[in-house]
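For reference, the structure is listed below as structure tokens.
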There are 4 protein chains.
Amino acid sequence: MHPRENGATKEKIIEMSTELFSKKGFDSTRIEEIAKAAGVNKALIYYYFKSKEDLLDQIVHSLMDKAASLAMDFVHFNIVQLIDEGRLEIARDRLRFKDKAAVDQFVKNSQLYYQRLLDFVLEYKSIFRILMLESLKHGKHHKSIFHLLDHLSKDDEANPIFRTIAEADRDFTYSEEMVLFRFFFTTVPLITFAAYYDDYKEISGLSDSRLRDLFLWAFQTTFTSFISGNEIWLKQKEEPR
Amino acid sequence: MHPRENGATKEKIIEMSTELFSKKGFDSTRIEEIAKAAGVNKALIYYYFKSKEDLLDQIVHSLMDKAASLAMDFVHFNIVQLIDEGRLEIARDRLRFKDKAAVDQFVKNSQLYYQRLLDFVLEYKSIFRILMLESLKHGKHHKSIFHLLDHLSKDDEANPIFRTIAEADRDFTYSEEMVLFRFFFTTVPLITFAAYYDDYKEISGLSDSRLRDLFLWAFQTTFTSFISGNEIWLKQKEEPR
Amino acid sequence: MHPRENGATKEKIIEMSTELFSKKGFDSTRIEEIAKAAGVNKALIYYYFKSKEDLLDQIVHSLMDKAASLAMDFVHFNIVQLIDEGRLEIARDRLRFKDKAAVDQFVKNSQLYYQRLLDFVLEYKSIFRILMLESLKHGKHHKSIFHLLDHLSKDDEANPIFRTIAEADRDFTYSEEMVLFRFFFTTVPLITFAAYYDDYKEISGLSDSRLRDLFLWAFQTTFTSFISGNEIWLKQKEEPR
Amino acid sequence: MHPRENGATKEKIIEMSTELFSKKGFDSTRIEEIAKAAGVNKALIYYYFKSKEDLLDQIVHSLMDKAASLAMDFVHFNIVQLIDEGRLEIARDRLRFKDKAAVDQFVKNSQLYYQRLLDFVLEYKSIFRILMLESLKHGKHHKSIFHLLDHLSKDDEANPIFRTIAEADRDFTYSEEMVLFRFFFTTVPLITFAAYYDDYKEISGLSDSRLRDLFLWAFQTTFTSFISGNEIWLKQKEEPR
DNA sequence: GATGAATGAGTGTTCATTCAT
DNA sequence: AATGAATGAACACTCATTCAT
């Protein structure tokens, strides 16, 4: 198959490798297979990509960028805006809202955001599978998953989300509780849901929409357990044993 | 290193492969490396194990057995016993406890069980890392993770935990909500916590005991959000949108 | 770099491949590299040359022609002329000159010729490097070096230099001694000097002019050891042990 | 072909690669070919050698060691001994011998040494061919040839031959003339003779013994041109033009 | 003349596995 | 039990060369 239209070949290669990497893992996917699946010559892959790893890098990075911009959207149009309007105040240990309406809006927006995230991770579920796979090895993308939708870097300067919130509210600081909770009980379930989606669907026998509903309900239940009146607790109320 | 005492060599091989598999992934670990790490000749590994995959199988199965027995313990000494004592009744949509004391005991036991699970997964964190890794590929251990601490098989006959509870209460059936919640917001965070423990510890800079506390607190907060009076809801109270 | 003037592109390609071949060897030089160095597209090289080997051939042949014409000049303006003037007679085992003046002129001309050769090989030192490289392999240009400045073909008919001298003096025949000496102690040092010039210069730390002087002196000393009165010996005077 | 006797396999691999490298060049020799020629599996070569280049290294280094020890022998048993006996004195510009007998002995020994060298290079002619080949590329063994039988390092401390002579005679220093002459008109012809031996033999149609005689005669004639009475000149007597 | 895209045929190297001792 | 030697089957990557425009 000779010259295709503009960029189509490279896209096809990315598409097929994403699928194959996510199905069989990076190591077990052969360049030859990708070539065959994309209907091109093996060597052509090396014309567009420096190496097998470069192929993975490009796939991963494009995802990271998309994820980061989603997260920034949420911060801008929900947190920062509420702060600017004087309806939200960030204290050391809790989010303090001006009134019930502000809480409700925040909760609703958070749920919408989580829905958007869910759509996003499901759309790119193959890549998230790869990302988990790679993050479990001690390779190059080792720590990508920790930075994906989250703000785990100790070095706050380097974290754009932290910086954005901090600019809106100088008192702001992450609590250890919230960071850990967010990661293991919010981000991880989300990504895992995407990564295992096909398997879980097969085992459970549920429909796509039913799965979506159940998952969002579970998240919501989890999330609302932190609300207490007009406040959202970011730290443990009393010392754990 | 010539003749060792009885079985010590085989144990050493299992130990080193576990460590190496979890650090670098199954595919990227070389038999040669395992041999070197265990201080034995490469060919000797084939004296004890049929193949590289057999080595992984033995590692995984021993873990699965331990996990299953932990789960059965909980079912026996908490759920079945409460049912037998007439203090717990399982309905289609909820666990109905006789009184506050019964709820409290169940919650407390559940928390103790989760603590025991936490200790367990942390003790074998290398293997859990392997298990996640392998479950993300479409290989032999593909579905191990779904059966690990959970009861996800549609084929109820095959699930000993389900059978045990069903024997105590004939009405018992799993709700789709609870199964999904348990898996993605309880089991997955637990296993993920173990698998990423070292990485998270490094990034967060927290101590072992602090990490343990924070994680258990997060779980507890999540878990208690299902309690409502003397009942624990297993299904959504009203239809989700 | 689009349209260049007439033939400039082809020249640039030859120039850069000469440099690269001589620096890295024919095999280790990539067409891609040549293209990059010449600032043209890889495929364009195939517009001008049939193959990578064709490129080498054209480089080598242009050099061979120049070398042959230099050698013919010497034969014509020194040997043939002296014979025609009756001042030189070629015997089976020696060159017999009419008088001291004839010897002196021959020696002086020989030295001038060797100087010209030296300038020539240094000007094209890259190509000589390639030539040596290729002659050491058993490839196409395998025997080029033997024919370069010399007259080694047993098949005398094919050797224009031999034919030219033979036409002037019917008795003429090459002695085995002289052929071997000329090749290994005259031609080889000369070509090797060119091929290793840059390396030797760096290691010795000598200037260009000093190197030239030293080399010519060494040659001269070697050369004059064959002169004995009015004769130049082409064969061993007595049997070697 | 399973287990051979002790070390025989490795030797066979070295033997065949030497032959193939020298016949076709390093780059053009395939590992597969070596394996086939040695009657072993391709992978076995990597059991004994780290890489194709490592194979070459080991071949080259063993030769360098042998050559160095030959050169040291000459220095010890000829130069140093004559100095110690007070029959040779090294001046800035010449070797000054006590009497005709001393010169004769030195010349005779030098010729014997050159004969020994000739036998040596012919025995390993395949390797010398490789060495020339590699020294012409800008690779790893780039400068090996300059150090082979010679003493070209500017850094005299590092040159064991220089050090040995200098210990015997504190005035000793190499003249630029002699170093260049030795290299291009002594060492180079010798190595070249070996490298091209088979080709030259075929073209010339001469026998082995005749070739040997002719070559030694040519060397001798060259060498003796530096002798003048009881002295051997190491520098130009008067300035070259 | 000139180029970007495409390809076929390698080629060095790796690695799980087996064999003889 | 233990080992050094040996092997077959891949596999990532390279490169000269060609094609369509």
Side-chain angles (χ1 to χ4, degrees), chain A residues 1-10 27-35 39-55, chain B residues 1-4 6 8-10 27-35 39-55, chain C residues 1-4 6-10 27-35 39-55, chain D residues 1-10 27-35 39-53 55:
Chain A
M1 192 175 301
H2 267 243
R4 236 182 271 222
E5 53 285 30
N6 213 330
T9 308
K10 191 175 179 184
D27 287 336
S28 301
T29 301
R30 308 292 148 228
I31 287 285
E32 180 67 50
E33 287 178 290
I34 298 174
V40 300
N41 184 285
K42 201 167 49 156
L44 192 57
I45 293 177
Y46 289 89
Y47 179 74
Y48 289 110
F49 303 92
K50 237 172 50 193
S51 65
K52 195 183 170 186
E53 193 163 328
D54 182 38
L55 191 45
Chain B
M1 195 172 299
H2 272 238
R4 230 184 273 228
N6 214 329
T9 306
K10 190 175 178 183
D27 286 338
S28 302
T29 301
R30 310 289 153 230
I31 288 287
E32 179 69 52
E33 289 177 288
I34 298 174
V40 301
N41 183 283
K42 203 165 45 158
L44 191 58
I45 292 177
Y46 287 88
Y47 178 79
Y48 288 110
F49 303 91
K50 230 172 56 193
S51 67
K52 193 184 171 187
E53 194 162 325
D54 181 37
L55 192 45
Chain C
M1 196 169 301
H2 273 239
R4 231 183 273 230
N6 214 329
T9 307
K10 189 174 178 184
D27 286 337
S28 301
T29 301
R30 311 291 153 226
I31 288 286
E32 179 69 51
E33 288 177 289
I34 297 174
V40 301
N41 183 283
K42 203 165 46 157
L44 191 58
I45 292 176
Y46 288 88
Y47 178 79
Y48 288 110
F49 303 91
K50 230 171 57 194
S51 66
K52 193 183 171 187
E53 194 161 327
D54 181 38
L55 192 44
Chain D
M1 190 175 303
H2 267 245
R4 237 182 269 224
E5 52 285 26
N6 214 330
T9 307
K10 191 175 178 185
D27 287 335
S28 302
T29 301
R30 308 294 148 226
I31 288 286
E32 180 67 51
E33 287 177 291
I34 298 174
V40 300
N41 183 284
K42 198 164 55 151
L44 192 59
I45 292 177
Y46 288 89
Y47 179 76
Y48 289 109
F49 304 91
K50 236 172 50 195
S51 65
K52 194 182 170 188
E53 192 162 328
L55 190 45

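Here is how names work: the chains are called A, B, and so on, in the same order as the sequence lines, proteins then strands, and each is numbered from 1.
Nearest nucleotide to the B:Lys52 side chain, out of E:dT17, F:dA12, E:dG1: E:dT17. Minimum atom distance to the side chain of D:Tyr46 is reached by E:dT13, of the listed E:dT13, E:dA16, E:dT3. Among the nucleotides E:dT17, F:dT7, F:dC15, the one closest to the side chain of C:Arg30 is F:dC15. Side-chain proximity of C:Ser51 to the nucleotides F:dT17, F:dT18, E:dC19 is greatest for F:dT17. With F:dA16, E:dG8, F:dC19 as the choices, the nucleotide that has an atom nearest any side-chain atom of C:Ala43 turns out to be F:dC19.
Each of C:Ile31 and D:Tyr47 has a nearest nucleotide on DNA chain F; the 5'-most of these lies closest to D:Tyr47.
Rounded to whole Å, the distance from CG on A:Leu44 to P on F:dC19 is 16 Å. In this structure, the CD1 atom of D:Ile34 is 13 Å from the P atom of E:dT11, given to the nearest Å. Computed from coordinates, the C:Ile45 CD1 to F:dC15 P distance equals 14 Å when rounded to whole Å. Atom CD in C:Glu32 sits roughly 10 Å away from atom P in E:dG4 (whole-Å rounding).
For B:Lys42 against E:dT17, a side-chain N or O and a base N or O form a donor-acceptor pair under 3.5 Å.
A:Phe49 carries A:Lys10 over the face of its six-membered ring, with the cationic atom under 6.0 Å from the centre and within 45° of the normal.
With P as the reference atom, F:dT21 and E:dG1 are 22 Å apart, rounded to whole Å.
Considering only side-chain N and O atoms, D:Thr9 lies under 4.0 angstrom from the phosphate OP1 or OP2 of F:dA6. Between F:dA1 and B:Asn41, no contact under 4.0 Å exists linking OP1 or OP2 to a side-chain N or O. Between A:Tyr48 and E:dA6 there is a side-chain polar atom (N or O) within less than 4.0 angstrom of OP1 or OP2.
Backbone-only contact: D:Thr29 has heavy atoms under 4.0 Å from sugar-phosphate atoms and none from a base.
Once rounded to the nearest 0.5 Å, the distance linking CZ of A:Arg30 with CG of A:Asp27 reads 7.5 Å.
Side-chain contact check for A:Ile31 versus A:Tyr46: some heavy-atom pair is nearer than 4.5 Å.
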